[in-house]
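This chain uses plain numbering: 1 for the first residue, then up along the sequence.
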Amino acid sequence: MSLPMIDQESFQSAINEKSITLVEFGASWCPPCRVLKPILEELRNEEEYLEVLQVDCDLSPELAAEFGIMSMPTVIVYHDGEPQDKIIGLRPKSVYQAAASRFKS
C-alpha cells in the first residue's frame with residue numbers, strides 16, 4: 001500500500017477529509033523520503049483517526065512554495081484543515097505519532 005499523492009487541485013479537499021492529516025512533502029529521488037514512506041504507511045494503517053498524504057515537490061512546486069518547504073522530507077500536521085506543526089527531516093515514528101495524537105479528541 002502506498003500513500004495517496006495529492007496536488008494543488010486536490011490539496012484542500014484532501015486535508016479536510018479527516019480532522020487530523022499528515023502531509024509529507026518530498027520527492028521520489030530523495031533518500032530520506034524513501035526511508036520515511038514505509039514509516040508513514042505503517043502509521044496510516046495503525047491509526048484510524050489519521051490520514052497521511054504525500055506531495056511530490058517536483059510535481060507540485062507551487063504547494064512546496066506555499067508552505068515554505070526548504071528541506072525534504074518535511075511533514076506538516078493539519079488539524080481541521082489548518083497547519084499546526086512542521087517536522088523537518090527524517091525522524092523516528094514516535095515523533096510523527098506524538099505530533100498527530102496531540103490533536104486527537
Side-chain angles (χ1 to χ4, degrees):
M1 177 182 238
S2 66
L3 300 174
M5 186 73 68
I6 56 173
D7 58 17
Q8 185 75 37
E9 290 77 41
S10 60
F11 186 82
Q12 203 58 48
S13 63
I15 64 168
N16 285 312
E17 281 188 27
K18 289 197 177 180
S19 72
I20 304 169
T21 305
L22 299 182
V23 179
E24 185 258 337
F25 289 82
S28 58
W29 52 264
C30 164
C33 300
R34 288 195 298 253
V35 172
L36 178 58
K37 189 174 178 180
I39 293 169
L40 294 177
E41 287 173 347
E42 192 176 294
L43 195 56
R44 182 174 190 250
N45 291 331
E46 290 173 358
E47 307 294 348
E48 297 242 343
Y49 69 91
L50 179 66
E51 179 61 278
V52 182
L53 305 169
Q54 192 174 26
V55 171
D56 187 312
C57 293
D58 289 337
L59 302 176
S60 299
E62 65 284 344
L63 274 176
E66 181 179 339
F67 293 102
I69 305 303
M70 303 295 286
S71 172
M72 295 184 285
T74 294
V75 174
I76 299 180
V77 180
Y78 291 86
H79 181 247
D80 295 331
E82 295 296 320
Q84 300 294 324
D85 200 1
K86 188 183 275 190
I87 303 165
I88 300 170
L90 180 61
R91 302 284 183 258
K93 179 180 168 185
S94 60
V95 171
Y96 303 103
Q97 276 178 312
S101 66
R102 284 190 5 222
F103 303 100
K104 188 177 173 183
S105 42

Are [Y] and [X] co-members of a hydrophobic cluster defined by side-chain heavy atoms under 4.5 Å apart?
| X | Y | result |
| --- | --- | --- |
| Y96 | V77 | yes |
| L22 | I69 | no |
| I87 | L3 | yes |
| I88 | L53 | no |

What side-chain donor-acceptor pairs closer than 3.5 Å can you find for residues 6-14, not counting sequence neighbours?
unit_1, atom_1, unit_2, atom_2, d
D7, OD1, E9, N, 3.2
D7, OD1, S10, N, 3.1
D7, OD1, S10, OG, 3.1
S10, OG, D7, N, 3.1
S13, OG, S10, O, 3.3

message: If I take atom CG from residue L90 and atom OG from residue S71, how far apart are they, to the nearest 0.5 angstrom?
response: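 If I round to the nearest 0.5 Å, the distance is 11.0 Å.
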field: Separation between CD1 of I20 and OG of S101, rounded to the nearest 0.5 Å
entry: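 Between I20 CD1 and S101 OG, I get 8.0 Å after rounding to 0.5 Å.
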- prompt: Between H79 and F103, how do the two ring planes meet: parallel, tilted or perpendicular, split at 30° and 60°?
  reply: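 Plane angle under 30°, so parallel.
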Taking the side chain as every heavy atom from C-beta outward, state whether [X] and [Y] have any pair of such atoms under 4.5 Å apart.
| X | Y | value |
| --- | --- | --- |
| M72 | W29 | yes |
| L63 | V23 | no |
| E62 | S60 | yes |
| E41 | V52 | no |

Might you point out which heavy atoms bring [X] and [Y] nearest each other, and give the distance in Å?
| X | Y | result |
| --- | --- | --- |
| I15 | T21 | O-OG1, 3.4 Å |
| I76 | P83 | CG2-CB, 3.9 Å |
| P73 | E24 | CB-OE2, 3.6 Å |
| R102 | D85 | NH1-OD2, 3.2 Å |
| C57 | F25 | SG-CB, 3.8 Å |
| D56 | S28 | OD2-N, 3.9 Å |

field: Under 3.5 Å: donor-acceptor pair, side chain of K18, backbone of E48
entry: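 Confirmed, K18 side chain pairs with E48 backbone.
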- prompt: Is the backbone N or O of Q54 less than 3.5 Å from a side-chain atom of K37, with the two atoms forming a donor-acceptor pair by type?
  reply: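 Side chain of K37 to backbone of Q54: no pair is present.
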Full working for side-chain contact (heavy atoms from CB on, under 4.5 Å) between V75 and V95: CA-CA 11 Å; V75 174; V95 171; over 6 Å; no
query: Taking only residues two or more places apart in sequence or in another chain, which ones pass side-chain hydrogen bond (donor to acceptor under 3.5 Å, both in side chains) with E51?
result: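 If we apply the side-chain hydrogen bond (donor to acceptor under 3.5 Å, both in side chains) test to E51, skipping adjacent residues, the hits are R44.
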